[in-house]
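Notes follow once the structure below has been shown.
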Amino acid sequence: MNLPTCISSNRKIRYTVCFVILITLSVLFFIISVCAGSVQIPLSDIWRQFRGEQDELYAAILFQIRIPRTFAAILLGGALALSGYLLQTFFHNPIAGPFVLGISSGAKLFVAVVMLRYSRTLSSVDLIVAAFAGSMMSMFCVLLMSPRVQNMSFLVLIGVMIGYICSAVTDFLVTFAEDSDIVNLHNWSMGSFSGITWENVKTIVFVVAVTGILTFFLSKPMEAYQLGEIYAKNMGVNIKMFRVLLVILSSILSAVVTAFAGPVSFVGIAVPQMVKRLFRTAKPIIMIPACFLGGAVFCMFCDLLARMVFAPTEMSIS
């Protein structure tokens with residue numbers, strides 16, 4: 001066996017092992033998340049619930065609280081990690097992410113406005129639209145500066161500044177809000193997967209699935225873009241359209257997370273870097289599913305810590 005064939009074979013083995021590890025951890029944390037909590041439910045009793053031998057208390061905890069919450073942690077964690085990977089690809093910068101670039105803060109601002117103004121009539125779609133509008137506003141401000149800035153690192157700094165401005169405006173609005181609205185907004189702004197309903201899960205599945213599929217179709221242009229804009233142009237990639245698509249997809253993924261779980265600050269930066277080091281590759285066709293699985297595992301683990309460390313008191317996910 002020649003050297004290139006041997007290296008290729010070793011990579012395939014590594015990719016397979018890493019995916020098996022992530023999938024195994026996903027299943028393990030899912031089971032623990034469903035079983036563990038202020039009310040411990042044995043795995044045997046969970047199996048009885050699915051067989052139809054239902055205990056009313058266990059059934060309510062499982063099907064109305066824990067399973068929807070765990071699905072939300074999987075989907076939203078994967079979405080946030082994938083959003084971070086797209087932004088790091090766009091900016092060629094390892095510290096780029098939805099929170100750092102002000103995307104999450106812009107989404108938080110717009111959601112805060114609609115929550116304070118229409119708190120009793122909000123639907124899941126309203127929250128997503130508001131969060132997406134805020135995300136796009138922040139990214140538009142960053143991109144507006146991009147023709148005048150040659151250094152991508154400075155462009156990231158502009159995003160940080162926009163994020164602080166959005167956070168300041170949000171705090172200003174909270175100052176004049178009613179006490180009941182302040183409590184709801186404060187709980188949401190700390191970041192949490194609690195309170196997720198099956199209706200929310202359906203909306204999340206639709207948005208994340210469509211966006212994830214579209215992202216996967218961009219894997220080849222992304223691989224060319226990673227090798228430089230000139231190379232990508234020579235390969236037939238429309239750079240302007242490609243950048244617009246990256247921004248829109250990353251904003252949608254970040255928006256759906258902010259709408260339902262609040263601004264979660266660490267996943268978009270940390271997970272793509274951890275996954276790159278685990279797989280030892282930056283190929284989009286590998287990184288896209290790997291980042292999603294990594295984000296799911298990471299958020300389920302963090303949600304378990306938030307629920308269990310000081311149980312029955314629950315901490316925020318951030």
Side-chain angles (χ1 to χ4, degrees), residues 10-36 66-89 94 96-99 191 193 196 200-202 204-220 222-223 226 246 249-250 252-258 260-261 264-307 317-318:
N10 289 338
R11 285 177 179 173
K12 289 179 180 179
I13 292 171
R14 184 176 187 86
Y15 297 159
T16 302
V17 170
C18 291
F19 273 119
V20 168
I21 290 172
L22 289 177
I23 292 170
T24 303
L25 288 174
S26 298
V27 174
L28 177 64
F29 285 141
F30 182 88
I31 293 171
I32 295 173
S33 296
V34 171
C35 293
R66 290 189 186 169
I67 294 178
R69 177 175 182 152
T70 306
F71 275 130
I74 292 170
L75 294 166
L76 297 180
L80 200 53
L82 192 53
S83 176
Y85 173 68
L86 292 178
L87 291 171
Q88 289 172 13
T89 301
F99 197 83
F193 297 119
I196 297 289
N200 297 149
V201 171
K202 290 177 183 177
I204 294 168
V205 167
F206 176 76
V207 175
V208 173
V210 172
T211 312
I213 291 169
L214 293 175
T215 301
F216 199 79
F217 285 144
L218 288 178
S219 57
K220 285 188 177 180
M222 266 193 277
E223 189 168 0
Q226 288 175 340
L246 280 188
L249 291 173
S250 62
I252 292 173
L253 290 168
S254 176
V256 72
V257 176
T258 306
F260 290 107
V264 181
S265 58
F266 51 91
V267 181
I269 298 175
V271 172
Q273 298 304 314
M274 294 163 65
V275 171
K276 280 182 184 178
R277 282 163 174 73
L278 178 65
F279 281 79
R280 295 181 185 174
T281 185
K283 289 184 176 181
I285 199 166
I286 299 294
M287 285 295 295
I288 290 171
C291 280
F292 191 90
L293 281 171
V297 169
F298 196 69
C299 279
M300 279 194 289
F301 175 69
C302 292
D303 190 46
L304 273 171
L305 291 181
R307 288 166 47 199
I317 192 67
S318 291

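Counting only heavy atoms from C-beta outward, the side chains of Val210 and Ile252 never approach each other to under 4.5 Å. Using a 4.5 Å cut-off on side-chain heavy atoms (C-beta onward), Gln226 and Met287 make no contact. Side-chain contact between Ile21 and Val17 is present, with heavy atoms from C-beta onward closer than 4.5 Å. No side-chain heavy atom of Met300 sits under 4.5 Å from any side-chain heavy atom of Leu25. Side chains of Phe30 and Phe71 form a contact here, defined as non-hydrogen atoms less than 4.5 Å apart. For the pair Ser219/Ile288, a side-chain contact is recorded, criterion being any heavy-atom separation below 4.5 Å from C-beta on. You'll find the side chain of Leu75 reaches within 4.5 Å of the side chain of Phe292, heavy atoms only. Taking the side chain as every heavy atom from C-beta outward, Leu86 and Met222 approach each other to under 4.5 Å.
From Thr281, atom OG1 reaches atom CZ of Arg14 across 10.5 Å, with rounding to the nearest 0.5 Å. Interatomic distance, CG of Leu76 versus OG of Ser254, reported as 11.0 Å (0.5 Å rounding). With values rounded to the nearest 0.5 angstrom, Leu80 atom CG is found 11.0 Å from Ser250 atom OG. Separation of atoms CD1 (Ile213) and CG (Leu218) is listed at 12.5 Å; rounding is to 0.5 Å. From Leu28, atom CG reaches atom CD1 of Ile23 across 13.5 Å, with rounding to the nearest 0.5 Å. Note that the CD atom of Gln88 and the OG atom of Ser83 stand 9.5 Å from one another [nearest 0.5 Å].
The nearest pair of heavy atoms linking Ser26 to Leu293 is OG-CD2, 4.1 Å. The shortest non-hydrogen separation linking Ala290 to Val275 is CB-CG1, 3.5 Å. Summarising the geometry of Tyr85 relative to Pro284, their closest heavy-atom pair is OH-CA, 3.3 Å, with the distance given to 0.1 Å.
Within a 6.0 Å sphere centred on CG of Leu214, other residues, nucleotides and ligands contribute more than 12 heavy atoms. With a 6.0 Å radius and a threshold of 12 heavy atoms from other residues, nucleotides or ligands, Arg280 has its CZ atom at or below the threshold.
Residues that satisfy the side-chain hydrogen bond (donor to acceptor under 3.5 Å, both in side chains) test with Arg69, not counting sequence neighbours, are Asp303, Glu314. Shown here are the ring pair (Phe, Tyr, Trp, His ring centres under 6.0 Å) partners of Phe19, two or more places apart in sequence or in another chain: Phe279.
In this structure, Phe29 and Phe301 have tilted ring planes: the angle between them lies in the 30° to 60° band.
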For this session: Please report the C-alpha distance between Val257 and Val267 in whole Å, then the side-chain angles of each, then the deciding distance to 0.1 Å, and finally whether the side-chain contact (heavy atoms from CB on, under 4.5 Å) criterion is met.
Result: CA-CA 11 Å; Val257 176; Val267 181; over 6 Å; no
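The backbone N or O of Ser33 sits nowhere less than 3.5 Å from a side-chain atom of Arg66 that would complete a donor-acceptor pair.
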